[in-house]
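Notes for the one structure printed next.
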Amino acid sequence: SEMCIETDINEERLGRIKKRAERLDILNIKTIKNVQDKDYTRFIIDAPCSGSGTWRRRPDAKFRITPQRLREILGIQAEILEFGAEHTAAGGRLIYITCSVLPEANERQIESFLAKHPEFSPIDHKELWRETLDIPLYPFDDTRWLKFSPLNTKTDGFFFCAMKKAVAEIKPKRTMQRDTHRGAGRNLQRYSATLTAMWLSSFSGLIFCDNFFIPVSYTHLTLPTNS
């Protein structure tokens with residue numbers, strides 16, 4: 001049967017996620033402490049970000065982000081994407097979400113990832129939008145991803161991109177980066193976050209489907225300290 005597997009180093013947050021899902025009648029939930037070494041048909045990353053999509057409601061938050069912190073977050077996003085790529089099954093989908101409006105964390109991040117991973121390609125989000133939400137109006141200019149903002153959707157800023165992995169996997173050319181990518185798996189559990197009720201509510205039809213997958217949530221980032 002279909003199953004949604006969730007992971008977070010914070011057990012309290014995992015409990016909150018499960019309660020929110022149950023409130024939405026999503027009952028096929030299983031929580032785990034560590035990512036299992038297997039391939040998933042849906043691997044969902046709610047990535048760490050600047051939180052700039054919420055600045056209209058929390059204007060003080062923009063004073064807590066620094067250029068250095070932003071660079072660190074961008075590096076973590078890329079690392080988690082690499083980990084997700086290695087754990088997405090052929091023919092499956094890797095889904096990337098932020099609550100940011102910054103291009104560096106959104107479309108630029110995805111473009112950089114796709115340049116290194118020709119086995120992935122964005123799905124047609126306009127078709128997904130219409131099939132899933134049954135709303136004829138598509139309020140975005142690009143079909144490669146969804147970019148919500150107070151200007152075009154009258155919402156907080158969010159970014160959503162679903163990428164499909166080729167069935168016959170195209171092996172990208174890699175050299176010294178391989179060990180770095182493996183490091184993502186070792187370091188993944190050092191980041192803490194929670195999957196927000198808004199994403200569960202707004203996108204349950206998009207992401208809670210099809211066999212086994214794992215949503216990895218990084219909405220609230222706790223940066224690791226060097227040991």
Side-chain angles (χ1 to χ4, degrees), residues 4 39-50 52-53 73-149 151-153 155-174 177 181 184 195 198-200 202-219:
C4 170
D39 291 340
Y40 299 87
T41 60
R42 298 292 186 273
F43 195 106
I44 302 171
I45 302 169
D46 190 2
C49 66
S50 64
S52 55
I73 292 173
L74 295 176
I76 294 169
Q77 290 174 343
E79 188 179 19
I80 297 171
L81 274 167
E82 293 293 341
F83 182 86
E86 293 187 357
H87 288 78
T88 301
R93 292 181 183 179
L94 175 62
I95 300 168
Y96 177 80
I97 304 168
T98 75
C99 57
S100 172
V101 295
L102 302 179
E104 295 89 340
N106 296 334
E107 57 265 44
R108 300 291 88 82
Q109 190 75 267
I110 293 299
E111 288 170 347
S112 176
F113 171 80
L114 292 174
K116 295 182 290 184
H117 291 274
E119 72 273 23
F120 282 92
S121 60
I123 66 170
D124 187 331
H125 287 73
K126 186 175 184 178
E127 181 179 351
L128 178 67
W129 175 272
R130 291 177 174 174
E131 288 181 353
T132 305
L133 302 179
D134 194 26
I135 300 176
L137 175 64
Y138 184 73
F140 310 102
D141 296 329
D142 205 310
T143 62
R144 294 174 295 172
W145 41 63
L146 308 178
K147 290 184 63 177
F148 297 81
S149 75
L151 291 177
N152 68 349
T153 56
T155 65
D156 283 353
F158 287 100
F159 180 84
F160 178 99
C161 181
M163 298 167 282
K164 184 174 182 178
K165 192 172 188 178
V167 175
E169 184 175 344
I170 303 171
K171 296 293 184 180
K173 294 181 179 180
R174 298 193 198 177
Q177 294 179 342
H181 298 164
L195 187 61
M198 176 184 177
W199 279 110
L200 282 169
S202 301
F203 286 99
S204 59
L206 290 175
I207 62 179
F208 289 99
C209 56
D210 283 348
N211 304 324
F212 293 88
F213 66 96
I214 179 164
V216 183
S217 172
Y218 297 88
T219 302

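The shown structure was predicted, so the numbers you read here are calculated from the model rather than taken from an experiment.
Considering every non-hydrogen atom in both His125 and Leu146, the closest pair reads CB-CD2, 3.7 Å. Of all the heavy atoms in Pro48 and Ile76, the pair that sits closest is CG-CG2, 3.8 Å. Pairing each heavy atom of Cys161 with each of Ile110, the nearest pair is SG-CG2, 4.0 Å. Contact record, Lys164 with Gly91: CE-O, 3.7 Å, taken as the closest heavy-atom pair. Residue Ile95 comes nearest to Ala162 through the heavy atom pair CG1-CB, 3.9 Å, listed as atom of the first residue, atom of the second, then distance.
Using a 4.5 Å heavy-atom threshold, the side chains of Pro136 and Arg130 count as separate. Inter-residue side-chain proximity for Leu128 and Lys126 is flagged as unmet; no heavy-atom pair is nearer than 4.5 Å. With a 4.5 Å cut-off on side-chain heavy atoms, Glu111 and Arg144 count as touching. In this structure, the side chains of Cys49 and Asn106 stay at 4.5 Å or more apart for every pair of heavy atoms.
Among the candidates Arg42, Met163, Lys165, the single residue satisfying the side chain to side chain contact (heavy atoms under 4.5 Å, CB included) test with Leu94 is Met163.
We find the CZ-CG distance between Arg108 and Leu102 to be 11.5 Å, quoted to the nearest 0.5 Å. Taken to the nearest 0.5 Å, the CD atom of Glu107 stands 12.0 Å off from the CG atom of Leu114. Taken from OG1 in Thr88 to CD1 in Ile44, the straight-line distance is 10.0 Å, to the nearest 0.5 Å. Note that the CZ atom of Phe120 and the OH atom of Tyr96 stand 14.5 Å from one another [nearest 0.5 Å].
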Subject >> Verdict with reasoning, Glu82 to Ile80, per side-chain contact (heavy atoms from CB on, under 4.5 Å) >> reply: CA-CA 5 Å; Glu82 293 293 341; Ile80 297 171; over 6 Å; no
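Relative orientation of the His87 and Phe43 rings is tilted, given thresholds of 30° and 60° on the angle between their planes. Between Phe148 and Phe158, the two ring planes are perpendicular [angle over 60°; tilted spans 30° to 60°]. Using cut-offs of 30° and 60° on the angle between ring planes, the pair Trp145 and Phe159 is tilted. Ring geometry, Phe113 versus His117: the interplanar angle falls under 30°, so the pair is classed parallel (tilted spans 30 to 60°).
Between the side chain of Asn152 and the backbone N or O of Lys147, at least one donor-acceptor pair lies under 3.5 Å. No side-chain donor-acceptor contact under 3.5 Å links Trp129 to the backbone of Asp124.
Inspection of the Ser100 and Thr98 side chains reveals no N or O donor paired with an N or O acceptor under 3.5 Å.
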